[in-house]
Amino acid sequence: MGEAIFPRWIDKARPLLGAGLVLAPVYLVAVAYYGGSPRTTTVGYMPQQSIPFSHALHAGELGIDCRYCHTTVETAAHAAIPSTATCMNCHEQIGATAESLRPLRESAATGEPIRWIRVHDLPDFVFFDHSAHVARGVSCVSCHGRVDRMEEVYHVETLSMSWCLDCHRNPEPHLRPLDQVTVLDWVPTEDPEVLGARLRPDLNIDPSTDCSTCHR
């Protein structure tokens, strides 16, 4: 017999190579599934808050404007969470003894803030300016969905980089008149693309796709 061309350990490795060829596609599919799952993108994430605040009641049925609670959304990068004093403007009279509002009353009495759990939490390496969007005709609905229909707010969109870039490259469908930005049930009377194309020059919309826009 002639001398073997390949070392003997290759014969021993053949089963492992075969298993690798079978398992590698399974692994790649699992990684792709996990990467796009709600657990990873946080779509569907709905934490239980310390107070059962219903956006469907407040923003929907009662029609309270988003800006009453999120006071800085038009002027700052961060959309402020309402203070206890803001809540007590109504709840000193409405539901003043409700058991569900006990944490609110305790906060008002002690000065300790309510521990709200953030639903939409971008990574620290991402810069997002609410005012730059809201003041240019991008509605709350585009990112947060119809919160006026939600008993508890949950994550609707992925807020991924590709999702943001899709909007920056084609913002027209997301644009609306400035006086309708916080009107969550507003429906355009014409094709959103046509309306957006008309609003875009008036609102001076020219979104950047440069990395430094969001990664500073």
Side-chain angles (χ1 to χ4, degrees), residues 38 41-124 126-159 167 174-189 192 195 199 203:
T41 63
T42 66
V43 170
Y45 175 59
M46 184 175 64
Q48 184 175 1
Q49 304 289 353
S50 56
I51 295 176
F53 180 88
S54 169
H55 276 76
L57 171 62
H58 292 79
E61 185 178 338
L62 298 177
I64 298 175
D65 192 285
C66 307
R67 293 166 294 188
Y68 180 77
C69 296
H70 304 289
T71 55
T72 63
V73 74
E74 291 179 300
T75 58
H78 178 66
I81 300 299
S83 65
T84 297
T86 297
C87 300
M88 290 299 289
N89 285 341
C90 294
H91 287 293
E92 281 200 45
Q93 303 296 325
I94 301 171
T97 60
E99 181 61 27
S100 60
L101 296 180
R102 179 196 295 269
L104 178 64
R105 295 192 296 273
E106 290 177 350
S107 175
T110 64
E112 287 294 316
I114 298 168
R115 302 300 178 183
W116 298 106
I117 301 173
R118 185 186 290 269
V119 179
H120 302 85
D121 190 10
L122 294 177
D124 291 341
V126 176
F127 173 77
F128 178 84
D129 189 331
H130 276 83
S131 65
H133 293 75
V134 172
R136 294 295 183 86
V138 179
S139 173
C140 315
V141 174
S142 290
C143 298
H144 300 296
R146 288 293 303 275
V147 295
D148 57 317
R149 295 175 176 174
M150 300 179 188
E151 280 300 324
E152 295 183 63
V153 169
Y154 58 89
H155 219 289
V156 174
E157 303 290 352
T158 65
L159 306 186
C167 184
H174 301 282
L175 300 179
R176 57 172 69 185
L178 293 180
D179 61 351
Q180 302 297 329
V181 166
T182 61
V183 181
L184 305 182
D185 60 354
W186 178 79
V187 178
T189 56
L195 173 62
L199 290 172
L203 296 172

| field | Worked check of side chain to side chain contact (heavy atoms under 4.5 Å, CB included) between Val156 and Met150 | value | CA-CA 11 Å; Val156 174; Met150 300 179 188; 3.5 Å; yes
Rounding to 0.5 Å, atoms NE2 (His58) and SG (Cys69) come to a distance of 7.5 Å
Closest non-hydrogen contact found for Ala77 with Asp129 is CA-OD1, 3.3 Å
Discussion item. Assess the residue pair Thr72 and Thr75 against the criterion (side chain to side chain donor-acceptor pair (under 3.5 Å)); give the C-alpha distance rounded to whole Å, side-chain angles, the decisive distance to 0.1 Å, and a yes or no.
Written reply: CA-CA 5 Å; Thr72 63; Thr75 58; 5.5 Å; no
Between Gly44 and Tyr154 the two heavy atoms that sit nearest each other are O-CB, 4.2 Å
Here the gap from Ser54 atom OG to Arg149 atom CZ, rounded to the nearest 0.5 Å, amounts to 14.0 Å
The side chain to side chain donor-acceptor pair (under 3.5 Å) partners of Asp121 (sequence neighbours excluded) come to none
Whether Phe53 and Trp116 hold their rings parallel, tilted or perpendicular, with breakpoints at 30° and 60°:
perpendicular
TODO: Assign the ring pair His120 / His144 to parallel, tilted or perpendicular, where the plane angle (0 to 90°) is split at 30° and 60°.
DONE: perpendicular
Heavy-atom nearest pair, Met88 first then Ala108, reads CG-CB, 4.1 Å
If you define the side chain from C-beta out and look only at heavy atoms, does anything of Arg146 sit under 4.5 Å from Asp185?
yes
Closest non-hydrogen atoms of Thr71 and Ala80, given as atom of the first, atom of the second and distance, are OG1-CB, 3.9 Å
- prompt: Just by modelled atom types, is the Tyr45 backbone N or O under 3.5 Å from a matching donor or acceptor in the Thr42 side chain?
  reply: no
Open item on the list: Run the side chain to side chain contact (heavy atoms under 4.5 Å, CB included) test on Val119 and Gln49 for me, step by step, so that the C-alpha distance in whole Å, both residues' side-chain angles and the decisive distance to 0.1 Å come before the verdict.
Closed with: CA-CA 10 Å; Val119 179; Gln49 304 289 353; 3.9 Å; yes
* To do: Side-chain contact test, heavy atoms from C-beta onward, threshold under 4.5 Å: evaluate it for Leu203 versus Leu178 and give yes or no.
  => yes
Between the CD1 atom in Ile51 and the OG atom in Ser107, the distance rounded to the nearest 0.5 Å is 7.5 Å
* To do: Could you tell me whether a side-chain N or O of His130 sits under 3.5 Å from a main-chain N or O of Ala132, the two making a donor and an acceptor?
  => no
Interatomic distance, CG@Asp148 vs CD1@Ile64, rounded to 0.5 Å, equals 12.5 Å
Value for OG1 (Thr84) from CZ (Arg105), rounded to nearest 0.5 Å, stands at 12.5 Å
Scanning both residues in full, the closest heavy-atom pair of Asp179 with Val183 reads O-CG2, 3.8 Å
- Criterion side chain to side chain contact (heavy atoms under 4.5 Å, CB included) on Leu175 and Val138, from CA distance to verdict: CA-CA 5 Å; Leu175 300 179; Val138 179; 4.1 Å; yes
So with a 6.0 Å cut-off around CZ of Phe128, is the heavy-atom count from everything else above 12?
-> yes
d(His174 NE2, Leu199 CG) to nearest 0.5 Å is 13.5 Å
Margin query: Any heavy-atom pair between the side chains of Pro103 and Ile114 that's under 4.5 Å?
Written below: no
Exercise. Among side-chain atoms of Ser142 and Ser139, is any donor-acceptor pair under 3.5 angstrom?
Worked result: no
Next on the checklist: Counting C-beta onward and ignoring hydrogens, is there a side-chain heavy-atom pair between Val181 and Glu74 closer than 4.5 Å?
Outcome noted: no
Point to revise | Verdict with supporting geometry, Cys66 and Leu184, side chain to side chain contact (heavy atoms under 4.5 Å, CB included) | key: CA-CA 9 Å; Cys66 307; Leu184 305 182; 4.0 Å; yes
When every non-hydrogen atom of Ile94 is compared with those of His91, the smallest separation belongs to O-ND1, 2.8 Å
Enumerate, atom names and distances included, each donor-acceptor pair closer than 3.5 Å involving a side-chain atom of residues 95-102, sequence neighbours excluded.
from, atom 1, to, atom 2, distance (Å)
Glu99, OE1, Arg102, NH2, 3.0
Glu99, OE2, Arg102, NE, 2.8
Glu99, OE2, Arg102, NH2, 3.0

